[in-house]
2 protein chains.
Amino acid sequence: MRVVTPEANRPRLSRDLIVAAARSVADSTGLDSLTLREVARELGTGQASLYRHIADRRELLGLLADDLALGFPLADPALPPRERLPALWQSLHGYLSRHRWAARVIVDGEHTSRNAVPFVDSLLDCSAAVGMGPALAMRTYQAVYNLLLGYLLNEHPMGHDREGGQRPLPGWHVAGGQDAFCWAMRCLLDGVLEGRGDL
Amino acid sequence: MRVVTPEANRPRLSRDLIVAAARSVADSTGLDSLTLREVARELGTGQASLYRHIADRRELLGLLADDLALGFPLADPALPPRERLPALWQSLHGYLSRHRWAARVIVDGEHTSRNAVPFVDSLLDCSAAVGMGPALAMRTYQAVYNLLLGYLLNEHPMGHDREGGQRPLPGWHVAGGQDAFCWAMRCLLDGVLEGRGDL
DNA sequence: ACCTGAACACCGTTCAAGT
DNA sequence: ACCTGAACACCGTTCAAGT
């Protein structure tokens, strides 16, 4: 939908407005269609004007990742300690899978956004509550994070399909979505906790 | 002696030649630089000529993924059964991390290549050898595969870096590469095997 | 019949010219 | 001083014209 405002009181261009427009474009037509021309059109301005507020498309995607990280969940203290960690990861999975561009934008970015710090802190607290040391907690965080990204990317595949709609391989259908990730995530956490903690 | 090809010594264009050239371009300058123009230049032909053998760039990436899958490892029967599964995954990780474009080309593709069938069969054999049923083996395969993709994508990040070379976040450095993946993979497999096998 | 230069419709980015 | 239309250098893809 087009943010159409009378030219007189159209708000001044800003990074926030650009990011919001980019988000709207990505939500509705996907990350590949997120072009600076489209963002400019959504804002009713010229494409060159965007460069007054952002360095380039790379930075815009970074800002999008930052914006996304603002909504990362926190642990629920009402839950028993053992359940907090898996529940938090499940919550993050639910949040990220609501935006098909989320995993892509995260994977394309080199670093974790600073806005993710509260989430990670919350995660480390949960890890400490079940007896993990800081190093083990970080390693586990990285492991589940990578697992999550893998599942998200396979949930929203976008790529070179083979000819026709042929099924991948006979008998290869596996349950996807929330359930599959949660099962794998719990197995991974179990494996970490049952392990002799060699770290 | 008579030269069979009436043309110059340049061999006829074919899908295989195109894929080989694409692979060489991706290996040396990365997946983003893998343009049809560059592949054509590498082959000394016009870009339009490629379309005689491939449908479009999407298909070329698919062929690249197929070519990659041809080199997937198989289980080592000399190993004790318990070790075959982790060793096979470690071997796949080593193979894929040798090409920085590998994870990207796999993630962009919608389906697993048919050329990966021997690898997956080998994997399922290993799973059966440690007492996993077919459904559990498939679920586990999917889980470790997604974990692997996550690690590979973070090993070869290419994206919107934040301003300057600032470290991600203080104290956030975690060991990457082979070790980190292997640790996580073994934890995941342990978690699956120690689990009460609710599948 | 087979191939391909040149064109087309995009893209990110820049800059001289507008206000 | 601020903004932006138009241009530039790319990209994937197509097609009429070459051989």
Side-chain angles (χ1 to χ4, degrees), chain A residues 2-19 21-23 25-26 28-65 101 104-105 108-109 158-161 163, chain B residues 4-19 21-23 25-26 28-65 101 104-105 108-109 158-161 163:
Chain A
R2 168 99 176 256
V3 184
V4 54
T5 52
E7 37 193 270
N9 59 355
R10 157 149 56 101
R12 287 193 67 70
L13 210 52
S14 69
R15 279 165 88 97
D16 285 347
L17 276 181
I18 292 174
V19 171
R23 203 173 159 135
V25 172
S28 63
T29 58
L31 200 56
D32 290 336
S33 310
L34 175 49
T35 69
L36 296 186
R37 277 168 166 84
E38 190 56 37
V39 171
R41 175 162 37 239
E42 183 106 354
L43 292 167
T45 183
Q47 35 177 323
S49 307
L50 301 178
Y51 286 87
R52 201 142 266 290
H53 301 89
I54 59 168
D56 50 18
R57 185 175 193 270
R58 211 195 209 15
E59 185 180 66
L60 179 55
L61 292 185
L63 293 173
L64 211 51
W101 47 269
R104 275 287 208 137
V105 120
D108 284 351
M158 72 214 87
H160 36 89
D161 203 0
E163 64 273 29
Chain B
V4 182
T5 57
E7 247 294 288
N9 46 5
R10 157 154 58 100
R12 284 191 65 73
L13 208 54
S14 70
R15 279 164 88 97
D16 285 346
L17 276 180
I18 292 174
V19 171
R23 201 172 162 137
V25 171
S28 63
T29 58
L31 199 56
D32 289 337
S33 309
L34 174 50
T35 69
L36 295 187
R37 277 168 166 84
E38 190 56 38
V39 171
R41 174 160 39 239
E42 182 105 352
L43 292 167
T45 182
Q47 35 177 324
S49 307
L50 301 178
Y51 286 87
R52 202 143 267 290
H53 301 88
I54 59 168
D56 50 19
R57 185 175 193 269
R58 211 195 212 12
E59 186 180 67
L60 179 55
L61 293 185
L63 293 173
L64 211 51
W101 48 269
R104 274 287 210 137
V105 120
D108 283 352
M158 72 214 87
H160 37 88
D161 204 3
E163 63 272 31

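Lettering of chains follows the sequences in order, A, B, ..., and the numbering in each one begins at 1.
Position along DNA chain C of the nearest nucleotide to B:Ala48 versus A:Asp56 favours B:Ala48 as the more 5'-ward residue.
Distance, B:Leu13 CG to C:dT4 C1': 12 Å, rounded to whole Å. Atoms CD1 (B:Ile54) and P (D:dT13) sit 8 Å apart, rounded to a whole Å. Counting to the nearest Å, the P atom of C:dC11 and the CG atom of B:Asp32 are 17 Å from each other.
Residues B:Glu42 and B:Arg37 are not paired through a salt bridge, judged by the lack of any N-O separation under 4.0 Å between the basic side chain and the carboxylate. Salt-bridge formation is not detected for the pair A:Arg23/A:Asp16: no Lys NZ or Arg NE/NH1/NH2 atom is positioned less than 4.0 Å from an Asp or Glu carboxylate oxygen. Note on B:Arg104 versus A:Asp108: salt bridge recorded, some NZ/NE/NH1/NH2 to OD/OE distance being below 4.0 Å.
With distances taken from any side-chain atom of A:Arg37 to the nucleotides D:dT4, C:dC11, D:dT13, the minimum falls on C:dC11. Of the candidates C:dG12, C:dC3, D:dT13, the closest approach to any side-chain atom of B:Arg52 belongs to C:dC3. Among the nucleotides D:dT14, C:dT13, C:dC3, the one closest to any side-chain atom of B:Ser49 is C:dC3. Ranking C:dT13, C:dT4, D:dT14 by closeness to the B:Thr45 side chain, first place goes to C:dT4.
Partner of A:Val19 under the side-chain contact (heavy atoms from CB on, under 4.5 Å) criterion, chosen from A:Leu63, A:Val39, A:Ile54: A:Leu63.
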